[in-house]
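Inspection log for the structure reproduced underneath, given as structure tokens.
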Protein chains: 2
Amino acid sequence: MSERRDQILDAALDIADEEGLGAVTMRAVASRVGVTAMALYPHVSGKEDLLDGLVTRLLAGVALPDASLCWTDRLRELGCSGREALHRHPALVPLLFAKPGSTLAARQTADFIYQALLDAGVPAAQIPRLERLITTFLLGFVISETSGRFVAGTAGAQDWRTAAGRDTRLPAHRQLAAVLAEPSWDDEFAADLDDLIGMVAGRSAAENAAAENAAVSRG
Amino acid sequence: MSERRDQILDAALDIADEEGLGAVTMRAVASRVGVTAMALYPHVSGKEDLLDGLVTRLLAGVALPDASLCWTDRLRELGCSGREALHRHPALVPLLFAKPGSTLAARQTADFIYQALLDAGVPAAQIPRLERLITTFLLGFVISETSGRFVAGTAGAQDWRTAAGRDTRLPAHRQLAAVLAEPSWDDEFAADLDDLIGMVAGRSAAENAAAENAAVSRG
DNA sequence: ACCTGAACACCGTTCAAGT
DNA sequence: ACCTGAACACCGTTCAAGT
């Protein structure tokens, strides 16, 4: 509502993008707005509220794919547009694990996934679990990319791959040495998404087969 | 090595378990050891080094299953023992996303998974990716459990489920209202693990079929 | 209603000083 | 080598005071 609040969130978002989440300080945000730290409190109940506002902004950036696509394409596109939205503000991704996504925007993307899984023929009882499985993986992947689990910030820190490929205490690494290079994360994400979609398709196929069997034995 | 360092890490671990990661302060750790904050620096190069030490302790807690089990049981047991280890120090889980697991202990559990995937017949080129997929999911699941994405700290904050089940803007939620209750996270984790293992088995089955086809068309 | 400035109880870390 | 105490440059937030 208040345009002053939007101004504050804009400033906080800029700081997070430029200097990381640690630099998002009441004082720093205030100074970028051109005001004292205390002047933020009428518009933001405290730091936690400020961060909640940033999460809302972050989730507002995920575009929902065209509902007329087939369910596999819908999930694939949602995965990509979700990842892109988080990449736009990588410093904020850790915030997504702190609280349940109970805002309307968060529930709407969950609803979109629910609908895709319904259309896929997944049994209802499995759908909330599979929605959590998919989004948990997506958030985990992006935070791993952006917070340093996959790629270390410093360039030299990835020697461990070649070292591990020669370490006698890591026999399987040695066996896979030829294949341990750092991959394209775009490609890896796409392949993971395909595997998860295949998993969902398998689930619904198994269900359909079971239903058919039941029908046959009934008939 | 230094037993003073171990003493410091013990104190930090206790504070993290009792009061959370935010309470792990150089001053608080020092005072629990019975010493000034500055007295920590000869044994710990700074706060980052202290947190690295805690991560090492955390990962030391994941037990590797018996290597003689079949690959599916090995993955299943490793998933459970990994989750249990993280549950012992939930406050530390966010630290796992910050840096690549390049310590020996971390690489040894990766090696264990590599071996299971090799035994499953997964093509080598897919193995590092699938290892990351599995561990990314596991870490994402546990951090979601323990940091509040799945379960809110305050009891009353889970009303959104029943509210969402009635919200006209969330048609799929309405359709699934009967099934939106908070699940048993133990059961959900087990089901997710089974699905992922099934996905791996499917991958290797596809590969084997392709190889057989190639062999047939060659012969 | 909105903002300021001083203050409080904290941080991590440096530095000179002690033993 | 190990530890102390004062200090520095920060935090988030409260509170009294201004307009």
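Every chain is numbered from 1 and lettered A, B, ... according to where its sequence line falls, protein lines coming before strand lines. Note: hydrogens, waters and symmetry copies are ignored here, and every other heavy atom, side chains too, is used.
- Atoms CG (A:Leu21) and C1' (D:dC11) sit 14 Å apart, rounded to a whole Å.
- A heavy-atom distance below 4.5 Å is found between the side chains of B:Asp49 and B:Arg5.
- Look at CD1 on A:Ile15: it is 15 Å from C1' on D:dC10, rounded to the nearest Å.
- The shortest distance between the side-chain N/O atoms of A:Thr36 and the OP1/OP2 oxygens of C:dC3 is not below 4.0 Å.
- Atom NZ of A:Lys99 is separated from atom CG of A:Leu51 by 8.5 Å, given to the nearest 0.5 angstrom.
- Among C:dT13, D:dT4, D:dG12, the nucleotide with an atom closest to any side-chain atom of B:Ala37 is C:dT13.
- Counting to the nearest Å, the C1' atom of C:dT14 and the CG atom of B:Leu40 are 15 Å from each other.
- For the pair A:Pro42 and A:Arg27, nearest-nucleotide mapping onto DNA chain C gives the more 5' position to A:Pro42.
- Counting heavy atoms from C-beta on, the side chains of B:Leu96 and B:Leu59 come closer than 4.5 Å.
- Of the nucleotides present, D:dC8 is the one that pairs with C:dG12 by Watson-Crick or G-U wobble criteria, both distances under 3.5 Å.
- Here the C1' atom of nucleotide C:dT13 and the CG atom of B:Asp49 are 14 Å apart, to the nearest Å.
- Between D:dC3 and B:Arg4, a contact under 4.0 Å exists linking OP1 or OP2 to a side-chain N or O.
- The side chain of A:Met38 has C:dG5 as its nearest neighbour among C:dG5, C:dG12, C:dT13.
- Residue A:Lys47 contributes atom NZ, which lies 18 Å from atom C1' of D:dT14 at whole-angstrom precision.
- Within the 3.5 Å criterion, the main-chain N or O of B:Ala28 finds no donor-acceptor partner in the side chain of B:Thr25.
- Residue contacts shown for A:Met26 are limited to sugar-phosphate atoms, with no base heavy atom under 4.0 Å away.
- Stacking of B:Arg83 on the aromatic ring of B:Phe141 is not recorded, the 6.0 Å distance cut-off and the 45° axial limit not both being met.
- Contact annotation: A:Tyr41 side-chain N/O to C:dC3 OP1/OP2 distance is not under 4.0 Å.
- Protein atom CG of A:Leu51 is 15 Å distant from nucleotide atom C1' of D:dT13, rounded to whole Å.
- Residue B:His43 places none of its side-chain N or O atoms closer than 4.0 Å to OP1 or OP2 of D:dA1.
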